[in-house]
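These numbers come from the heavy atoms of this one structure, side chains and all, not from hydrogens, waters or symmetry mates. Just so it is clear, the model here is predicted, and its values are computed rather than measured. When a ligand or atom number is given, it counts from 1 through the structure's own listing order.
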Amino acid sequence: MNRISGDSKVRIAVVGAGYWGPNLIRNVARLPQASLDCVCDQRPSRLERIRAQYPVRTVTTELNEVLADSAVDAVILATPPETHGEIGLEILESGRHLLVEKPMAMTAAEAERLVEEAAARELVLLVGHTFEFNAAVLKVRKLIAAGEIGDVYYLHSQRVNLGKVRTNCNALWSLAPHDVSIANFLFGERPLWVRASGYKFLDQELEDVVFLNLGYPQNRVAHIHVSWLDPDKVRRTTVVGSRKMIVYDDMSHDAKVKVFDKGVSKQAVTTEALEAPPFGEFVFLTHTGDVWIPKIDFAEPLHQEVAHFVACIQGREKPRTGGLNGLAVVRALEGAQESLARGGATVEL
Ligand SMILES: NC(=O)c1ccc[n+]([C@@H]2O[C@H](COP(=O)([O-])OP(=O)(O)OC[C@H]3O[C@@H](n4cnc5c(N)ncnc54)[C@H](O)[C@@H]3O)[C@@H](O)[C@H]2O)c1
């Protein structure tokens with residue numbers, strides 16, 4: 001085990017400084033308990049930009065140099081998803097703690113291998129499911145756990161906008177890891193089955209638009225729509241419960257979470273006058289009450305995630321989005337990919 005005491009700074013290397021890596025680098029650089037020791041990217045131009053902005057000890061285009069550098073305690077991996085399985089394993093085998101961006105890997109077999117290696121070496125393995133560190137998502141989960149909305153029936157989620165069009169993975173693997181992780185987190189369960197349909201409109205072999213359904217224990221369902229071919233930027237999750245409903249809108253600045261006192265209840269027919277004609281022995285009555293906007297103290301989720309990674313390495317916290325969490329998401333995505341290939345067939349997970 002490579003545990004570091006709470007007094008010592010964790011020396012971090014970030015591998016991959018493309019679009020997302022600089023956000024991780026910025027957060028490592030501002031964390032008092034960590035030092036930005038090394039940045040690695042195959043493209044020298046990316047390294048020049050980082051060097052100009054941050055006091056990083058060393059930069060390199062070679063992953064091997066990072067792995068051979070005894071001053072590095074931990075690595076944050078922000079390379080493209082198809083490289084995570086192989087590079088992630090090399091990092092763990094070199095004895096470094098690993099924070100791997102989402103999706104953790106492109107196959108469940110690769111994700112399982114990372115989980116095994118981290119466990120065997122007693123290393124921290126964290127997966128970058130940023131939304132599980134988002135104060136609004138945490139608030140929604142807290143409300144659900146407190147019974148505020150009654151029994152949870154289902155949720156639906158939209159993550160759509162124009163671009164960024166990926167050429168290395170489809171919209172499912174690029175965008176849906178977030179929504180699957182949010183659904184697993186809010187339900188507190190892993191999905192049992194998945195069904196997906198997807199459509200290729202642009203000139204490539206990848207789905208630009210994907211709709212997926214995930215079935216959870218107790219007949220709960222999550223419906224997820226992801227796309228990089230849409231006029232509006234929408235990041236919204238709606239959770240419908242037996243007593244109330246919650247809308248989490250990540251695009252809203254002042255009302256990220258709204259709790260609607262709305263619902264439908266089934267009531268036995270009495271002899272009293274009814275608003276609607278009875279069907280059998282029951283009628284369904286709707287109620288509409290207030291809308292409540294809880295106060296949320298928002299901190300940058302990525303900062304929370306990176307700080308949590310460091311706290312886990314220092315033994316102060318336990319991984320909240322550890323390897324098994326990441327594996328569950330990859331299993332759901334792999335099942336969804338199989339469903340896409342089989343014309344939307346149900347795939348048991
Ligand atoms: N958590 C989030 O909200 C979020 C948002 C965007 C992207 N991501 C994830 O971040 C990861 C990176 O995405 P991106 O959009 O930055 O991709 P990108 O293609 O813009 O950047 C990847 C970088 O990795 C470098 N690279 C590739 N292989 C390498 C290797 N072997 N050694 C060193 N450098 C290498 C490339 O040169 C490139 O600069 C992906 O897993 C993606 O899913 C997460």
#### Entry: Atom CZ of F260: over 12 foreign heavy atoms under 6.0 Å
yes
#### Entry: Any donor-acceptor N or O pair under 3.5 Å, side chains E132, N184
no
### Message
Hydrogens and angles aside, do Q337 and W173 bring a side-chain donor and acceptor to less than 3.5 Å of each other?
### Response
yes
### Task
Using a strict 4.0 Å cut-off to heavy atoms of H84, name the atoms of ligand 1 that fall inside it.
41 (O)
## Note on the structure
A student checking ligand 1 against G16 at a 4.0 Å heavy-atom cut-off should list atoms 24 (O)
Quick test of your reading of the structure: of [options], whose heavy atom lies closest to [atom]?
atom                    : options             : answer
atom 14 (P) of ligand 1 : H178, R166, E86     : R166
atom 8 (N) of ligand 1  : F131, F133, W20     : W20
atom 42 (C) of ligand 1 : R43, E90, R46, K102 : K102

Return the closest protein heavy atom for [atom] as residue, atom name and distance.
atom                    : result
atom 21 (O) of ligand 1 : G18 CA, 3.3 Å
atom 10 (O) of ligand 1 : E101 CG, 3.4 Å
atom 19 (O) of ligand 1 : P80 CG, 4.2 Å
atom 26 (N) of ligand 1 : T79 CG2, 3.7 Å
atom 12 (C) of ligand 1 : A78 O, 3.2 Å
atom 32 (N) of ligand 1 : Q42 CG, 3.7 Å
atom 18 (P) of ligand 1 : Y19 N, 4.0 Å

### Query
Heavy-atom distance under 4.5 Å between the side chains of H303 and F133, does that happen here?
no
### Query
So E101 and L24, side-chain contact (heavy atoms from CB on, under 4.5 Å) or not? Walk me through it.
CA-CA 10 Å; E101 256 310 329; L24 290 152; 3.9 Å; yes
### Query
Do any N/O atoms on T130 end up under 3.5 angstrom from N/O atoms on ligand 1?
yes
Measure across [X] and [Y] and return the closest heavy-atom pair with its distance rounded to 0.1 Å.
X    : Y    : answer
N161 : K233 : CB-CA, 3.7 Å
G85  : L114 : O-CD2, 3.7 Å
A332 : V180 : CB-CG1, 3.9 Å

### Query
Under a 4.0 Å heavy-atom limit, does I87 contact ligand 1 with its side chain, its backbone, both, or neither?
side chain
### Query
Does D41 have a non-hydrogen atom less than 4.0 Å from ligand 1?
yes
### Query
Just by modelled atom types, is the S174 backbone N or O under 3.5 Å from a matching donor or acceptor in the K102 side chain?
yes
### Message
Using only atom types and a distance under 3.5 Å, with no angle test, would you say the side chain of E334 pairs donor to acceptor with the backbone of A108?
### Response
yes
